[in-house]
Amino acid sequence: MIKKIVSYILLFFCVFLTFFFIFLVEIKWNIREEQLVRYLKNADLTFIMNSYDGIQSELLQNVENYLEAIQIPTDAIEEVLNSEATKEFVGKYLANVFSYLIYQNEDVSITKEDVAHLVEENFSIISDTLQAQGLTLSDEDKSKINAYVLEYGDRVLEFFPTANQILNKLMTQDIVLVNTVTLSDVTTFLRLILSPTFLISVLGILLFLLGTLWFINKGRRCFYFKLYFFGFALLLVVSEILLGTIVKETLMVRLESAETFINYMINEISKHVWIIILFAVVISFVLSRIERKEKKNEKIFTELCENSGEETREKSDEV
């Protein structure tokens with residue numbers, strides 16, 4: 001009885017720790033530069049052109065100020081924002097910011113060479129936009145824009161602050177997200193739980209608990225591990241439902257201007273989650289089949305032993 005209670009307690013903690021570990025891995029996976037760039041390349045970035053109340057956001061104001069400073073036509077802003085080059089640029093910039101905020105890695109700054117490359121890659125977009133309006137982008141205009149890029153190159157950080165500058169600003173403003181939880185609290189917490197030491201510790205505890213569950217349940221391992229994978233899959237399904245409904249709806253309401261991007265990103269994350277769910281369900285099903293087969297073999301073996309015993313007694317009686 002005690003072993004059964006201990007086994008179910010171990011089972012509960014194993015399911016919870018597995019869910020927690022997968023959750024942390026998903027966060028780390030989705031804030032990588034490659035993932036951010038992929039999300040941005042497949043989404044519409046025009047949401048950053050508006051804030052909640054229709055007033056220009058600070059990011060948009062910074063972008064507009066820089067584009068105006070280097071003489072980029074205002075009419076081409078939306079097209080430039082959604083170009084492949086800009087999305088890759090923004091993805092790398094956000095990845096650098098997240099890397100510093102969460103992992104305290106090197107504070108990488110945007111250089112004038114980066115911006116010059118970005119402008120060069122967007123010349124065709126600007127040219128097409130102007131042509132649609134009956135205007136042209138001449139070589140002379142391009143030379144002027146490049147000249148302004150070099151002229152304002154030393155001031156590029158005013159438009160694209162480093163992660164350290166952003167962090168200092170956030171700490172000063174102490175932005176409240178929910179109740180008394182601030183943005184700085186969230187970044188500090190993420191820095192803790194996404195550190196390699198913490199992840200290795202969680203994985204180590206999980207493997208120890210799984211090993212203990214395996215060791216103390218000889219003969220019933222398939223039963224408990226079937227429940228383990230099924231419970232993990234069930235918890236993921238519940239989380240996926242919450243993510244696709246309440247969480248998505250809340251984010252889309254609070255960040256109305258970014259609802260298209262949020263919807264796309266959550267849908268992409270959901271795909272990963274459903275793959276994991278399917279994998280866990282398949283393993284649970286396989287273990288269930290193995291358990292049934294073992295029970296059937298055990299039953300047959302028991303019947304054979306009983307029959308063998310009866311035959312032996314009958315022979316003894318005959319003698």
Visitor: Compare every heavy atom of Ala85 with every heavy atom of Asn122, then report the nearest pair and how far apart it is.
Guide: ND2-CB, 4.4 Å
Visitor: So for atom NE2, which belongs to His117, do other residues, nucleotides or ligands contribute more than 12 heavy atoms lying within a distance under 6.0 Å?
Guide: no
Visitor: Evaluate whether atom CZ of Phe285 has more than 12 neighbouring non-hydrogen atoms of other residues, nucleotides or ligands under 6.0 angstrom away.
Guide: no
Visitor: Run the numbers on Asn146 and Phe123 for side-chain contact (heavy atoms from CB on, under 4.5 Å), then give the verdict.
Guide: CA-CA 10 Å; Asn146 285 326; Phe123 272 147; 3.8 Å; yes
Visitor: Show me the donor-acceptor pairs, under 3.5 Å and distance only, between side chains in residues 219-231 and residues at least two apart or in other chains.
Guide:
{"from": "Arg221", "atom 1": "NE", "to": "Trp214", "atom 2": "O", "distance (Å)": "2.8"}
{"from": "Lys226", "atom 1": "NZ", "to": "Glu291", "atom 2": "OE1", "distance (Å)": "3.0"}
{"from": "Tyr228", "atom 1": "OH", "to": "Thr18", "atom 2": "OG1", "distance (Å)": "2.6"}

Visitor: Is any side-chain heavy atom of Glu26 closer than 4.5 Å to a side-chain heavy atom of Asn30?
Guide: yes
Visitor: Is Leu11 close to Tyr8 at the side-chain level, that is, under 4.5 Å between some pair of heavy atoms?
Guide: yes
Visitor: Count I, L, V, M, F, W, Y as connected when their side-chain heavy atoms are under 4.5 Å apart, and connections chain through other members. Are Leu209 and Ile5 then in the same cluster?
Guide: yes
Visitor: For Thr245 and Ile241, indicate whether the former's side chain and the latter's backbone hold a donor-acceptor pair under 3.5 Å.
Guide: yes
Visitor: Do Phe13 and Val6 sit in the same hydrophobic cluster, where Ile, Leu, Val, Met, Phe, Trp and Tyr count as joined when their side-chain heavy atoms come under 4.5 Å apart?
Guide: yes
Visitor: Can a side-chain donor-acceptor contact be found between Asn217 and Lys3 if the only test is distance below 3.5 angstrom?
Guide: no
Visitor: Determine whether Leu213 and Leu207 fall in the same hydrophobic cluster, where Ile, Leu, Val, Met, Phe, Trp and Tyr are linked whenever their side-chain heavy atoms lie under 4.5 Å apart.
Guide: yes
Visitor: Taking the side chain as everything from C-beta on, heavy atoms only, tell me whether Val15 gets closer than 4.5 Å to Phe19.
Guide: no
Visitor: Which atom names give the shortest non-hydrogen contact between Ile269 and Leu243, and what distance separates them?
Guide: CG2-CD2, 4.2 Å
Visitor: Indicate whether the side chain of Glu121 and that of Ser83 have a donor and an acceptor atom separated by less than 3.5 Å.
Guide: no
Visitor: Decide whether Val238 and Phe279 are clustered together by the hydrophobic rule: side chain heavy atoms of Ile, Leu, Val, Met, Phe, Trp, Tyr closer than 4.5 Å, transitively.
Guide: no
Visitor: Within a strict 4.5 Å, meaning less than it, do heavy atoms of the Leu118 and Glu88 side chains meet?
Guide: no
Visitor: Just so I know, are the side chains of Ile216 and Leu10 near enough to count as touching, which here means a heavy-atom distance under 4.5 Å?
Guide: yes
Visitor: Of all heavy-atom pairs between Asp141 and Thr136, which one has the smallest distance, and what is that distance?
Guide: OD2-O, 3.7 Å
Visitor: Give, for atom CZ of Phe208 and atom CZ of Phe215, the distance between the pair rounded to the nearest 0.5 Å.
Guide: 11.0 Å
Visitor: Enter the distance from Ile22:CD1 to Leu236:CG here, rounded to the nearest 0.5 Å.
Guide: 7.5 Å
Visitor: Would you give the length of the straight line joining atom CG of Leu130 to atom CD1 of Ile125, rounded to the nearest 0.5 angstrom?
Guide: 11.5 Å
Visitor: Which pair of non-hydrogen atoms, one from Leu17 and one from Ile205, has the smallest distance, and what is that distance?
Guide: CD1-CG2, 3.6 Å
Visitor: Check whether any side-chain heavy atom of Leu278 sits under 4.5 Å from a side-chain heavy atom of Trp274, and report yes or no.
Guide: no
Visitor: Rounded to the nearest 0.5 Å, what separates atom NE2 in His272 from atom CD1 in Ile277?
Guide: 13.0 Å
Visitor: Going from CD1 on Ile27 to CD1 on Ile193, what distance comes out if it is rounded to the nearest 0.5 angstrom?
Guide: 5.0 Å
Visitor: Taking CZ in Phe198 as the centre, count heavy atoms belonging to other residues, nucleotides or ligands within less than 6.0 Å. Is the count above 12?
Guide: yes
Visitor: Below 4.5 Å, heavy atoms only, C-beta onward: do Ser239 and Val273 meet side chain to side chain?
Guide: no
Visitor: When rounded to the nearest 0.5 angstrom, what is the spacing between CZ in Phe21 and CG in Leu203?
Guide: 4.5 Å
Visitor: Any donor-acceptor pair under 3.5 Å linking the side chain of Arg292 with the backbone of Arg289?
Guide: no
Visitor: Kindly check if the number of other-residue, nucleotide or ligand heavy atoms within 6.0 Å of CZ (Phe12) is above 12?
Guide: no
Visitor: Taking the basic N atoms (NZ, or NE/NH1/NH2) and the acidic carboxylate oxygens, is any pair closer than 4.0 Å for Lys271 and Glu268?
Guide: yes
Visitor: Testing the basics here: between Ile126 and Val80, what is the closest heavy-atom pair and its distance to 0.1 Å?
Guide: CG1-CG2, 3.9 Å
